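So you know, we letter chains A, B, ... as the sequences are listed, proteins then strands, and number each from 1. All values derive from a computational prediction rather than experimental measurement.
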Amino acid sequence: MSIYDTLNEQQKKGVFTTDGPVLLLAGAGSGKTRVVVHRIAYLIEEMGVNPFNILAITFTNKAAGEMRSRVDKLIGFGSEQIWVSTFHSMCVKILRRFADKIGYDTNFVIYDTDDSKAIVKEIIKKLNIDTRYIKEKAIRGAISHAKDELIGVEQFEKDAAYDMNERKIAAAYREYQTTLKKNNAMDFDDLIYNTVKLFKEHPQVLLNYQERFLYIHVDEYQDTNTAQFELVRLLADKNKNLCVVGDDDQSIYKFRGANIRNILDFEKTYPNATVIKLEENYRSTQNILDAANAVIHNNVRRKDKSLWTRKDSGNQVHFRQFETGKEEAEFIVSDIKSKSRKGIIGYSGCAVLYRTNAQARLIEEACIMSGVPYQVVGGVNFYSRKEIKDLMAYLKTIDNGKDDLAVKRIINIPKRGIGATTILRAQEAADAENISFYDALKKARSIPSLAKSADKIERFTDLIEYFRHRLEEYTLVDLMDEIISKTGYVEELKNDGDDTALDRIGNIDELITKINTFTDENEEATLSDFLAEVALVTDLDETEDDVEKLMLMTLHAAKGLEFPHVYIAGMEDGIFPGMMSIVADERDELEEERRLCYVGMTRAMVDLTLCCAKCRMQRGELQYNAVSRFVKEIPMELLDNKPQVRRTRDFDDYGDDSGFASSFKPKAIARAKQTERMPVMAKEVKALNQISGLAKGSDMNLGELDYTVGDRVHHIKFGDGTVTKIDREPRDYKVTVDFDTAGTRIMYAIFSKLKKI
DNA sequence: TAGTTGGGTTTTTTT
DNA sequence: AACCCAACTA
């Protein structure tokens, strides 16, 4: 009995068709990763291919890690030689070797979204662009899109010749690339773009990789953009042993440049391609599949296929409608809690999915209130938190003074009395002499305009130079420790007693742990290596999956995962599908939302619950939404509750909702009054006033804590602890508690709801 | 120069 | 509600 016997016929075909182009159209849950992994095993063990000659590309680090470990398990020997990598990290590896051929240093830094934002802002000022007509986001979007489509600056300028705004954007694009090059930096899009450029301009480099990668696999092929497509095409051009796996119904990254044509037209690009459809689903019950199929069938632009399963029909899909978003969240969490209590399913077997990250808050609050352990996947990236970015900027500056952006970030952190004026002057001097910002700082004393602040500047550059010398003998962790102590970063955090200070310090500890792990795993690694690694890491990559926690994430983040019980919150027109896609004149956008819905539904293995609210807070205003059209696309008999026809608005049971009390401000109410648009508003304003009364009430409560220093208290999330300090603040008490298990936390009395025990 | 306040703006989704 | 920016004050 061989490892291939467990595969179905179609899967086998995918595994055994090793030569030539192969398109594996793999529906959700049809075992596509399994096919790729077995295929790799087959190549090595049956075809005698050297693992060294195999490449597997994924989109996320997590997917790469998953594939790596599954390959390791299936293939005993030599599996570490296989190149399993994301597009981005593959390109970094290639560019670290050859970037000098296209005019970069090989130790280039990688700019994240925040960095490019900052650059674009500078450019807007420099080029005097009026942001009333051209938004910063539009510029960034245009630049990014251009690179995704392999449109360089020159081409962009040509195309833009006849349009005022486009010409401005073209100028910004040019300036942006110049700035990045000057800083020896590449953004995410550059990584792909430049690798393609490298391959096109240097055929011998390309050939080198073509001869190495004899068998190429691309996962989630439907998410490739034009540049990635071209990259793959070039790599596979010599041998054409290209196996792409994807599902056009799960293409949900158009906004990031993904070109669905890549998968729809694969057969046009490779006329002799073998096309294999995997339609047997091993994940979900028939009811869930039928519902998902019914939704996706409303899309026009797709390859027709229908998933089926050998499983029973299972439960109906649950549908629940609530008055408010808060009730929705409370229901979801209490439902999960009761399932867990009854032993139906553990917390880690459940996931709550939503369209936008902002929706996570309500669910989170409900979890805290009822003591359900949870983990939010994604959200704010660890590495984009202020304190982490600050310390990383120190590392970047020490590593490579060419990154002006990093230097400017920390030059006055902690405060050194170097303000905007000085920075501007130094930049002018740098521009005039055509040197980097940091080099200009080092020459401050000989630059007249900087003479006044030369002392302060020198103290900063001396510090950096000191760290640079230390780099030779120190480990990365020691260096980090010294940066923290010499700059007094943590000290300062502690002193200004911000209520987020402890979280921030915790983050810094985590950063140190991460550095430690990295240096343990990569003994030879340099500081540059660490910085590159970090630049490509997202929070999505770091989910601990074996812990008993309820998972909260966006629908996008859920792709590729599965859970026994899935809840989708906010099934409302305007939220999901989002307003933008409803208003858009092209059908495309709505189809993408529908695919997203399909992705979400097909995450569920045994139980799927769709929820919505009639009314919820959005952008500081109450909004009334109709039930999502996607729910209505599901045949009635598959649902346990019918979507109601929309009732007249009615708020009678809404007034006592004290949960909103602390978040309402008079300003919001004034605005709500201003935007009055319908007769119903009168009632709404009444409800709001009622709530605002409660808000005032809670402010007056100051002075009535039922515990004091030394008392034992209970917190719903952190458990029991001892109060060590209470500070009076204008609006509230700030309470410091030493928790038995959760460490020391500083929190506001009203929010923390501590109970004396 | 630094910190605060007020006003205006904004929204998907992420490598 | 959250964020960013500009203007004002200390």
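- Nearest nucleotide to the side chain of A/Lys137, out of B/dG3, B/dT11, B/dT14: B/dT11.
- With rounding to whole Å, A/Leu353 atom CG is found 16 Å from B/dT14 atom C1'.
- Taking the side chain to side chain donor-acceptor pair (under 3.5 Å) definition, one finds that A/Gln250 meets it with A/Asp247, A/Arg603, sequence neighbours left out.
- Within the 4.0 angstrom heavy-atom criterion, only backbone atoms of the sugar-phosphate kind lie near A/Thr421; the bases stay farther away.
- Toward the 5' end of DNA chain B, the nearer of the two residues A/Phe87 and A/Gly578, judged by each one's closest nucleotide, is A/Gly578.
- Taking atom CE on A/Met553 and atom P on B/dT14, their separation rounds to 11 Å, with Å as the unit.
- Legend: ring-ring contact (aromatic ring centres under 6.0 Å, His included) pairs involving residues 568-599 of chain A, not counting sequence neighbours, sorted by first then second residue: A/Phe576-A/Phe630.
- When the side-chain nitrogen and oxygen atoms of A/Arg416 are compared with OP1 and OP2 of B/dT1, none of them lie within a distance under 4.0 Å.
- Contact annotation: A/Asn412 side-chain N/O to B/dT1 OP1/OP2 distance is not under 4.0 Å.
- Put simply, CG on A/Asp223 is 12 Å from C1' on B/dT13, counting in whole angstrom units.
- Protein atom CE of A/Met617 is 19 Å distant from nucleotide atom P of B/dT10, rounded to whole Å.
- Backbone-only contact: A/Phe59 has heavy atoms under 4.0 Å from sugar-phosphate atoms and none from a base.
- Picking from B/dT11, B/dT14, C/dA2 the nucleotide with the shortest atom distance to the side chain of A/Thr554 gives B/dT14.
- The distance between atom CG of A/Leu95 and atom P of B/dT15, rounded to the nearest whole Å, is 20 Å.
- One atom, NZ of A/Lys117, and another, P of B/dT10, lie 13 Å apart when rounded to the nearest Å.
- Residue A/Lys62 places none of its side-chain N or O atoms closer than 4.0 Å to OP1 or OP2 of B/dT15.
- Side-chain atoms of A/Gln359 and A/Thr356 include a donor-acceptor pair closer than 3.5 Å.
- Contact annotation: A/Thr422 reaches the phosphate of B/dT1 (side-chain N/O to OP1 or OP2, under 4.0 Å).
- The listed nucleotides are B/dT1, B/dG3, B/dT13; the one nearest the side chain of A/Lys415 is B/dG3.
- Within 4.0 Å of A/Glu593, counting heavy atoms only, lies at least one base atom of the nucleic acid.
- Across the interface with DNA chain B, nearest-nucleotide mapping of A/Ala358 and A/Gly417 shows A/Gly417 to be the residue nearer the 5′ end.
- Using a 4.0 Å heavy-atom criterion, one finds that A/Lys135 contacts the sugar-phosphate atoms exclusively.
- Remark: A/Thr60 is not in phosphate contact with B/dT14, judged by side-chain N or O atoms under 4.0 Å from OP1 or OP2.
- Comparing the P positions of C/dC4 and B/dT13 gives an interatomic distance of 15 Å, to the nearest angstrom.
- Residue A/Phe255 and nucleotide B/dT13 are classified as a stacked aromatic pair, their ring centres being separated by less than 5.5 Å at an interplanar angle below 30°.
- A/Lys386 places its NZ atom 14 Å from the P atom of C/dC3, with the value rounded to the nearest Å.
- No donor-acceptor contact under 3.5 angstrom links the side chains of A/Gln228 and A/Glu230, judged on distance only.
- Here B/dT13 is the nucleotide among B/dT15, B/dA2, B/dT13 with the atom lying nearest to any side-chain atom of A/His556.
- Nearest to the side chain of A/His88, among B/dT11, B/dT13, B/dT15, sits B/dT15.
- The CD atom of A/Glu572 sits 16 Å away from the C1' atom of B/dT11 (whole-angstrom rounding).
- One finds a side-chain N or O of A/Lys121 lying less than 4.0 angstrom from the OP1 or OP2 phosphate oxygen of C/dC5.
- Checking each of A/Asp187, A/Asn225, A/Asn194 against A/Lys147 for a side chain to side chain donor-acceptor pair (under 3.5 Å) leaves exactly one that passes, namely A/Asp187.
- The shortest distance between the side-chain N/O atoms of A/Asn357 and the OP1/OP2 oxygens of B/dT13 is below 4.0 Å.
- Ring-plane geometry between A/Tyr104 and A/Phe108 is classed as perpendicular, the angle between the planes exceeding 60 degrees on a 0 to 90 degree scale with a lower cut at 30.
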Salt bridge (Lys or Arg N to Asp or Glu O under 4.0 Å) assessment of A/Arg587 paired with A/Glu591: CA-CA 6 Å; A/Arg587 189 194 171 89; A/Glu591 294 215 342; 2.8 Å; yes

